[in-house]
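These notes are about the structure you will find just below.
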Amino acid sequence: MADLRTQLHDMLRVQRAALLLKLEGLDEYEARRPRTPTGTNLLGLVKHSAACELGYFGETFARPSELQLPWEVEGVGPEDNEDMFATEDESMADVLAWSRACFDHADATIGALPLEAEGRVAWWPEDRNTVTLGQIIVHMALDEARHAGHADILREQLDGAVGLRSEGNNLPEWDEQRWADYVARLTLIAEAHAP
């Protein structure tokens with residue numbers, strides 16, 4: 001049986017993989033296109049997660065990286081929510097390469113430190129900003145799971161690709177009619193409870 005650090009690290013890796021999977025087969029337009037009133041987009045979810053990992057597994061544990069947050073390079077700051085989208089000057093390939101490098105840096109920190117290693121999250125309130133590596137792995141795995149769920153729904157709305165695997169084989173193997181019947185049933189249940 002794997003030790004706790006390996007188990008937690010594997011959980012984080014699964015969430016990263018789920019996020020990256022949702023970009024497979026998409027062109028630049030579909031990866032970038034805002035799909036909610038607040039601009040949520042598939043490529044932005046990956047960029048955001050990578051930026052978070054770079055900060056939490058870098059600065060928090062005094063393990064700086066040669067990588068920079070994109071807004072630090074441009075000197076403009078993240079005030080425009082820049083971690084949540086690819087800018088005009090960033091290609092999807094650029095964002096994915098940078099994200100993978102951020103994930104590699106996080107993996108190196110996780111591999112180098114014990115779960116009990118203490119760090120400080122500078123952007124958290126002072127009364128709770130002293131953390132352990134274990135806490136941060138859990139924090140990031142949960143955050144990325146949330147974003148992987150967002151991405152799953154966005155991708156399903158785009159082309160029907162669902163689930164953890166691109167072929168959707170972690171869902172019931174129903175044909176299109178079975179899914180339509182299922183949705184119709186849920187709609188009737190909801191309507192029966194309408195005000």
Side-chain angles (χ1 to χ4, degrees), residues 1-23 34-87 90 94-154 164:
M1 177 184 233
D3 67 352
L4 181 59
R5 179 175 57 184
T6 301
Q7 291 174 357
L8 293 174
H9 195 181
D10 287 348
M11 289 177 191
L12 177 62
R13 287 181 175 130
V14 165
Q15 300 314 317
R16 287 180 195 154
L19 272 171
L20 292 168
L21 176 67
K22 296 307 165 182
L23 291 172
R35 299 181 184 282
T36 69
T38 58
T40 305
N41 62 91
L42 291 163
L43 188 56
L45 290 170
V46 171
K47 183 179 176 183
H48 168 74
S49 293
C52 288
E53 285 204 34
L54 184 61
Y56 280 113
F57 294 109
E59 181 182 336
T60 296
F61 295 99
R63 292 182 52 84
S65 169
E66 293 178 6
L67 299 166
Q68 288 185 291
L69 297 168
W71 48 91
E72 291 175 341
V73 174
E74 299 166 11
V76 296
E79 292 83 18
D80 66 353
N81 214 27
E82 193 174 321
D83 66 320
M84 295 299 292
F85 67 96
T87 66
E90 295 172 320
D94 293 338
V95 171
L96 290 174
W98 178 80
S99 295
R100 286 187 179 100
C102 291
F103 298 149
D104 288 346
H105 182 74
D107 289 343
T109 296
I110 294 167
L113 301 175
L115 284 180
E116 303 78 28
E118 283 196 0
R120 182 178 166 276
V121 182
W123 51 95
W124 284 10
E126 196 167 319
D127 65 330
R128 61 182 186 95
N129 70 0
T130 299
V131 296
T132 65
L133 178 64
Q135 286 175 287
I136 293 302
I137 296 172
V138 170
H139 175 80
M140 282 308 310
L142 290 171
D143 190 59
E144 288 184 31
R146 180 173 173 249
H147 294 314
H150 295 146
D152 199 33
I153 291 167
L154 296 179
L164 182 59

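All values below come from the heavy atoms of this structure, side chains included, with hydrogens, waters and symmetry mates left out. Predicted, not measured: the structure shown is a model, and the values here were computed from it.
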task: May I have the step-by-step check of side-chain contact (heavy atoms from CB on, under 4.5 Å) for Leu96 and Leu20, ending in yes or no?
output: CA-CA 9 Å; Leu96 290 174; Leu20 292 168; 3.8 Å; yes
How long is the span from the [atom1] atom in [X] to the [atom2] atom in [Y], to the nearest 0.5 Å?
X      : Y      : atom1 : atom2 : value
Phe61  : Glu118 : CZ    : CD    : 9.0 Å
Ile153 : Thr40  : CD1   : OG1   : 11.0 Å
Leu12  : Asp107 : CG    : CG    : 7.5 Å
Met84  : Thr38  : CE    : OG1   : 7.5 Å
Asp10  : Thr6   : CG    : OG1   : 6.5 Å
Asp104 : Glu53  : CG    : CD    : 10.0 Å

Heavy-atom pair of closest approach, residues [X] and [Y]:
X      : Y      : result
Lys47  : Trp98  : O-CZ3, 3.7 Å
Val131 : Gln135 : CA-OE1, 3.1 Å
Val95  : Ala86  : CG2-CB, 3.8 Å
Ala51  : Leu69  : CB-CD2, 3.8 Å
Cys52  : Asp143 : SG-OD2, 4.5 Å
Leu154 : Arg35  : CD2-CB, 3.6 Å

- prompt: Can you name the residues that form a side chain to side chain donor-acceptor pair (under 3.5 Å) with Gln15, not counting sequence neighbours?
  reply: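 Result, side chain to side chain donor-acceptor pair (under 3.5 Å) vs Gln15: none returned.
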field: Partners passing side chain to side chain donor-acceptor pair (under 3.5 Å) against Thr109 (at least two apart in sequence or in another chain)
entry: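 Here the qualifying residues are Arg63.
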query: Does the side chain of Ile137 reach to within under 4.5 Å of the side chain of Tyr56, using non-hydrogen atoms?
result: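 When only atoms from C-beta onward are counted, Tyr56 and Ile137 do not touch, as no gap falls below 4.5 Å.
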- prompt: Do Lys22 and Leu45 have side chains that get closer than 4.5 Å, going by heavy atoms?
  reply: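 Side-chain contact under 4.5 Å: no.
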- prompt: Looking at Glu144, His147, Glu82, which hits side-chain contact (heavy atoms from CB on, under 4.5 Å) with His48?
  reply: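 That would be His147.
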message: Is there a side-chain contact (heavy atoms from CB on, under 4.5 Å) between Thr132 and Leu115? Walk through the geometry before answering.
response: CA-CA 6 Å; Thr132 65; Leu115 284 180; over 6 Å; no
